[in-house]
Number of protein chains: 2
Amino acid sequence: MPTMKDVAKLAEVSVGSVSKYFNGIALKEKTKLAIEKAVKELNYEPNIYAKGLKINRTNTVVLIIPSIWNPFFSELTFHIEKELRKHEIKLILYNSENSIENEIQFITMSRQNKVDGIIAVTYSNIDKYISESLPFVSIDRFFSHKTNFVSSDNYSGGRLATEMLIKHGSKNLAYIGHGSKYSNDTISRLNGFKDYCSEHNIFNQICYNAGTREEFETEVDNFIKKFIITKKIDGIFSSTDAHAFYILEKLENLNISVPEDVQIIGFDGAKSSKREKNYLSTIRQDIEEIAVQSVKILVDTIENKENMENKTNVKIPVTFLSGKTTKPIL
Amino acid sequence: MPTMKDVAKLAEVSVGSVSKYFNGIALKEKTKLAIEKAVKELNYEPNIYAKGLKINRTNTVVLIIPSIWNPFFSELTFHIEKELRKHEIKLILYNSENSIENEIQFITMSRQNKVDGIIAVTYSNIDKYISESLPFVSIDRFFSHKTNFVSSDNYSGGRLATEMLIKHGSKNLAYIGHGSKYSNDTISRLNGFKDYCSEHNIFNQICYNAGTREEFETEVDNFIKKFIITKKIDGIFSSTDAHAFYILEKLENLNISVPEDVQIIGFDGAKSSKREKNYLSTIRQDIEEIAVQSVKILVDTIENKENMENKTNVKIPVTFLSGKTTKPIL
DNA sequence: TTGTAAGCGTTATCAG
DNA sequence: CTGATAACGCTTACAA
C-alpha cells in the first residue's frame, strides 16, 4: 500500500503538499499535476484511519435499531443511509434485538470507534450511557429533554385513526396495543384515541398489555372473544400494523368479516418494497421524512459541537392510508 | 478524551503496560489492578483508529446490497450483522440501488477506509474493481473464479419447483422470470426448470425478459393473455417471490383462481418478520445459512491472507415451502 | 515483568 | 506557494 510519502517522493514534492492536494488547498498548477500523476501511477488511496486519528472526525455514524429484519426499520435504514451518504458519512449498523445489554455495548463500542454520532431507535433507558459529548438522535422514543428526538406525530395519528374509523361507519371502538416496560411515544397513539372518543362521546374499550408478546396475545384473544364475537365492537385501532395482522388472522379463523363486521386501522404503513400494494388500512408514518430529519439534526449537531446543549424535538405528520380493512365512505 | 498516556500516568506505570493490559498480555497482578483503577477513574476508552493505524486491521466489513428495503436483503443483512458481531466485526452498510457507479464507488471507499473485507450482492461486473488483496465474498452472483462465491442451489431449486408443480397436480408449466443484463445465478433456476421438463416430457413455456422492469411486466401481461387465460398453462414457476406477487395480482384482476385454475410457486421465501405466515408457495432459500457461510469464508480469508488465492464456492440447499398457491397433494 | 522509543499515515504549524 | 517537522494514540521490539 503506497502512502503519502511515496506519492511525495515520486512527484518530487513534500508530503505537506500532497496532503494539501487532497484537502483542496491551493497549489501551483505544476505541483498539482505532478501529484495527480504520481497518485495515478501508484494507485494511491488516502488512509482514512490515519486522517481520523489526526482530525478526530471519522465520517461514520452508528445506527442502532431493534432489528433490520422488520419492514419499518429496513425502510428507515434505507433512507438514513441514503441521506448520510449525501454528507459522505458511512453507516455502521447494529441490531439490538431489543436487548438493553446489546444497546449499551453498542454505545460503548461507538465511543471507542470514535464515530461522529449515533442515531438510535431504542426501547430501553440508555440515557445515562450516551455521553454528553457524542451527538445523538433518538427516533420514536422520547426519554429525556437532553436528547434530540424525532418521531411521528403519534397523538394526531391516534386521533386520525379514530376519526377515520367513525367516518367509515364504525360506532363502537377498541384500541388494541402492546405496551412496553419503558415509556415510548406510541402511548400517544392511545392518548389520541382516548381524547377523540371522549370529546365525541364514543363508546370505547381499551385492550392494552405491557407484558411479554405471549401475554399480550392471550389478552388480545380474550378481548376478541369478549367484545368482537359479541359484536360489541365494530372498529379497531391497532397500535401497529404487525399487531393488526395478528388480529386479522385471528378474526379470519373465527369467520368474522373485515371490514363488514369490524373495521381495522393499523399504524406504520411500512411497505416491504415500494411496489407493494396495501391491504391494511393504516396510519402511514412518513418514514422518509423521519430519516431526513434525523440525519439533518445529527449532522447539524456534529458540525456545531460548540453548542450541543440545544436539543431539537421534531414531530412528523402522519396520513391515513385507505386499504381493504375499512369500508368505503358512503 | 483520556489517552493511554493519561492512564499510565495515573496508574504510575508505562504506556506499554497499559497497552499490554488491553491486549491480554501477562502483567503482575498489582499493575493490572492499578491500571484497572485508573481506567475506571478516567473513563478511558481505547481509540480504535489509532490501533487500526498501527496494526492494519479495523475489524470492519462492508456489505453492499441493492437495497436494504427488500425483505430478502434485510433478512440477509440481519444474519450477516449477527454473525459478524460474533467475531467483533462491525458492519458498514451500502445500498447500491442497482447502480454500478455506486457499487464501484463503494468499493473504492472501502479500500480507503481500510476495511478488512467486503461482502457484496452485486449485479454488475465489478470484477476489475475488487482488489486482489482485499478479502471479498460474492453472494448470489458468480462472476469469476477469482472470487469467493456463496449462493443457493438455484439449479436444484428450479428442478424442485417444477417437480412440486407436477406433484401438486399441474400438467402444463410456465417459467416466468426477469433476467438481467449481467449474468447472475438465477439463470440456473430456469435451467433446472428446463431440464426437469425435458427429462419428464412436460409441456412448457418460458416467459423470460431481460429488459427494464416495465418491459418485463408488459411481456408478462401478454404471456398471461396468451397462455393463462386460455388455460394452456396450469402451473407457473416464478423466478422470484416478488414477481409471483405481481402475477398473482394480475390474475386476481382477471378473475383467474389460484390455485384452482393455475398453481404458482415462487422463489426466495424471505419473510418480513419471523412471525409472518406464508401465503405463497415457494422455494425457500436458507438465508441464514447463506449469511453464516459468507461470513465464515470472509473471516477465514481475512485471517489467512497469505493464501488468498484459494477461492471457495458454496451452494446452499433450498427447500419447498407449501403455501396457499398450490393445491393440497391428493 | 516492565519501560523506552520508534513508527503507523496523516494534518497543521511555522519558516522559508 | 512549499517544505520540514511535531503531533495524533496506539503497538511492539528491545532493553533493562
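Model, not experiment: these values are computed from the prediction. In what follows, every chain begins at residue 1, and chains take the letters A, B, ... in the order their sequences are listed.
With distances taken from any side-chain atom of Asn47(A) to the nucleotides dG9(C), dT11(C), dC10(D), the minimum falls on dG9(C). Taking every side-chain heavy atom of Val13(A) into account, dG3(D) is the closest of dT11(C), dG3(D), dT11(D). Ranking dT2(C), dT1(C), dA12(C) by closeness to the Lys20(B) side chain, first place goes to dT2(C). Listed nucleotides: dT10(C), dT2(C), dC10(D). Nearest to the side chain of Met4(A): dT10(C). When distances run from any side-chain atom of Ser17(A) to the nucleotides dT4(C), dG3(D), dT11(D), the shortest one goes to dG3(D). When each of dT2(D), dC10(D), dT1(C) is scored by its nearest atom to the side-chain atoms of Lys28(B), the top-ranked nucleotide is dT1(C). Listed candidates were dT2(D), dG9(D), dT11(D). Nearest to the side chain of Ser19(B) is dT11(D).
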Could you run down the sub-3.5 Å N/O contacts of the protein with nucleotides 5-8 of chain C?
from, atom 1, to, atom 2, distance (Å)
dG7(C), N2, Lys54(B), NZ, 3.0
dG7(C), N3, Lys54(B), NZ, 3.1

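As rounded to whole Å, 15 Å separates atom P of dG9(C) from atom CZ of Phe22(A). We find that NZ of Lys30(B) is positioned 12 Å from C1' of dT1(C), with the value rounded to whole Å. At whole-Å resolution of the value, CD1 in Ile35(B) and P in dT1(C) are 13 Å apart. Atom C1' of nucleotide dG3(C) and atom OH of Tyr21(B) are separated by 19 Å, given to the nearest angstrom. Protein atom CG of Asn56(A) is 11 Å distant from nucleotide atom P of dC10(D), rounded to whole Å. Following rounding to the nearest Å, Glu45(B) (CD) and dC10(D) (P) show an atom-to-atom distance of 11 Å. Across the protein-nucleic acid pair, Ile48(A) atom CD1 and dC8(D) atom C1' stand 16 Å apart, rounded to whole Å. Look at CD1 on Ile55(B): it is 14 Å from P on dG9(C), rounded to the nearest Å.
Interatomic distance, Ile65(A) CD1 to Thr122(A) OG1, rounded to the nearest 0.5 Å: 12.0 Å.
Note: Tyr49(A) and Tyr49(B) have parallel aromatic rings, judged against thresholds of 30 and 60 degrees for the angle between ring planes. Using bins of under 30°, 30° to 60° and over 60° for the plane-to-plane angle, the ring pair Phe78(B)/Trp69(A) lands in the tilted bin.
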Trace of the side-chain hydrogen bond (donor to acceptor under 3.5 Å, both in side chains) decision for Glu103(B) with Tyr94(B) = CA-CA 9 Å; Glu103(B) 289 177 351; Tyr94(B) 287 125; over 6 Å; no
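Counting heavy atoms of neighbouring residues, nucleotides and ligands inside a 6.0 Å radius, atom NZ of Lys296(B) does not exceed 12 of them.
Using modelled atom types, no side-chain atom of Asn154(B) and backbone atom of Thr186(B) make a donor-acceptor pair closer than 3.5 Å.
Defined by atom type and a distance below 3.5 Å, a donor-acceptor pair is present between the side-chain atoms of Ser99(B) and Glu101(B).
OP1 or OP2 of dT2(D) lies within a sub-4.0 Å distance of a side-chain N or O belonging to Thr31(A).
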